[in-house]
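Note that these values count all heavy atoms, side chains included, but never hydrogens, waters or copies made by symmetry. Note that the structure is predicted; figures quoted are calculated from it, not measured. Ligands are counted one by one from 1 in listed order, and the atoms in each one are counted from 1 as well.
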Amino acid sequence: MDFLDLMLDMNAKGELPLEGIQEEVDTFTFEGHDTTSTSMNWFLHLVAANPLVQEKLHLEMDEVFGDCDRDFSYDDLAHLTYLECCIKETLRLYPSVPLFAREIREDIDIKGVTLPAGTNVVIVPSMVHRDPKHWEDPEVFRPERFLSQEVTKRHPYAYIPFSAGSRNCIGQRFAIMEEKCVLSTIMRKFKIKSKLRTDQMRVSAELIIRPMFGNHLSFERRKFGEY
Ligand code: HEM
């Protein structure tokens, strides 16, 4: 039974009105689609603009998939560690959701400043993700930051593309799986070049962030062993 069937079942039992189903479908369509598509778009730019990273990715693709045309399988997920680092580093520099907000329920003291209950707080992940207090050379695309030995050295809230706390993103594991599946399929087959350098890219912050002037890429077929 899938998620929609579950909700229809609840509706039939009088536990969830149709408007409730509609809201969930809206949420999942937006949260589940635009977020991942824009982050894959930024990934392709960053990988194209960083040839050494691209070479390492191609090496990993060849190690995992070999010289063979087989489809992506669930077991591959665990082996695509460098790809996962690249996906996470992309979300550090370009977190798909540019801000999220909370209303404070009780007075809270932060470094001697009291935020009274009722205050709305806006959290901007890209500011946290580029804070030199937590990130060395924050502007540099360096996927190795997400190797497990590096992650354990960092503050747990220094990286929050999926927000944090009880209302964080429920789709985060699915998002990483989906991106690994789509992006490995592309990276296995293609070398990518970008017309624009990263410093020429501008961010358009809508509900999610997009490249303001588009993402100008060229794709060239590659074979096993070509780096
Ligand atoms: C790269 C991909 C994604 C990013 C960066 C992302 C990020 C976020 C963020 C920042 C929030 C806000 C949480 C808050 O207000 O604190 C959120 C909420 C949510 N996301 Fe994602 N998301 C992604 C993919 C997905 C996918 C694939 C799904 C579903 C399949 C999904 C479903 C949801 C839902 C249902 C919520 C609302 C959770 C709640 O209010 O309790 N997201 N996401």
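Checking each of Lys223, Arg222, Arg188, Lys56 against Asp62 for a salt bridge (Lys or Arg N to Asp or Glu O under 4.0 Å) leaves exactly one that passes, namely Arg222.
Shown here is Glu136, whose CD atom has no more than 12 heavy atoms of other residues, nucleotides or ligands within 6.0 Å. By the neighbour-count criterion of 12 heavy atoms within 6.0 Å, atom NZ of Lys195 is sparsely surrounded, having that number or fewer from other residues, nucleotides or ligands.
In this pair, Phe65 and Phe72 present their aromatic rings tilted. The plane angle is within the 30 to 60° band. The aromatic rings of Phe3 and Phe28 lie tilted to each other, with the angle between the two planes from 30° to 60°.
Applying the 4.0 Å criterion to heavy atoms of Phe100 picks out, from ligand 1, the atoms 10 (C), 15 (O). Near Arg102, meaning under 4.0 Å from any of its heavy atoms, are these atoms of ligand 1: 14 (C), 15 (O), 16 (O). Of all atoms in ligand 1, numbered sequentially from 1 with element shown, those under 4.0 Å from a heavy atom of Arg167 are 13 (C), 14 (C), 16 (O), 39 (C), 40 (O), 41 (O). Of all atoms in ligand 1, listed by their number and element, those nearer than 4.0 Å to a heavy atom of Thr27 are 35 (C). Near Ile170, the atoms of ligand 1 lying under 4.0 angstrom from a non-hydrogen atom of the residue are 34 (C), 35 (C).
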Listed pairs under 3.5 Å, donor-acceptor, residues 162-178 side chains, sequence neighbours left out:
{"unit_1": "Gln172", "atom_1": "NE2", "unit_2": "Cys169", "atom_2": "O", "d": "3.3"}
{"unit_1": "Glu178", "atom_1": "OE2", "unit_2": "Thr36", "atom_2": "OG1", "d": "3.4"}

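Using modelled atom types, one finds no donor on one side chain facing an acceptor on the other under 3.5 Å when comparing Gln54 with Tyr227.
Taking 4.0 Å as the cut-off, Glu24 does not count as a neighbour of ligand 1 on heavy-atom distance. Note on ligand 1: Pro95 sits outside its first shell, no heavy atom being nearer than 4.0 Å.
For ligand 1, the polar-atom distance check finds no N/O of Asn168 at less than 3.5 Å from any of the ligand's N/O atoms.
Both the sub-6.0 Å distance and the 45° axial angle are not jointly satisfied by Arg202 relative to the ring of Tyr94.
In this structure the side chain of Lys88 reaches within 4.5 angstrom of the side chain of Glu84, judged on heavy atoms. Side chains of Arg130 and Trp135 form no contact here, defined as non-hydrogen atoms less than 4.5 Å apart.
Among all non-hydrogen protein atoms, the one lying nearest atom 23 (C) of ligand 1 is Thr35 OG1, 3.4 Å. Annotation: atom 30 (C) of ligand 1 to nearest protein heavy atom, Phe28 CD2, 3.8 Å. For atom 25 (C) of ligand 1, the closest non-hydrogen atom on the protein side is Glu31 O, 3.0 Å. From the protein, the heavy atom lying nearest to atom 12 (C) of ligand 1 is Ser163 CB, 4.2 Å. Atom 9 (C) of ligand 1 has as its closest protein heavy atom Val97 CG2, 4.0 Å. Closest to atom 4 (C) of ligand 1 among all protein heavy atoms lies Phe162 CE2, 3.4 Å. Considering only non-hydrogen protein atoms, atom 27 (C) of ligand 1 sits nearest to Gly32 CA, 3.6 Å.
Per-atom contact check: atom 37 (C) of ligand 1 does not touch the protein, criterion being a heavy-atom distance below 4.0 Å.
Under 4.0 Å from ligand 1, the heavy atoms of Glu179 that appear belong solely to its side chain.
A salt bridge is absent between Arg142 and Glu89: the closest approach of a Lys/Arg side-chain nitrogen to an acidic carboxylate oxygen does not fall below 4.0 angstrom.
Taking only non-hydrogen atoms, the option from Cys169, Gly165, Pro161 nearest to atom 10 (C) of ligand 1 is Pro161.
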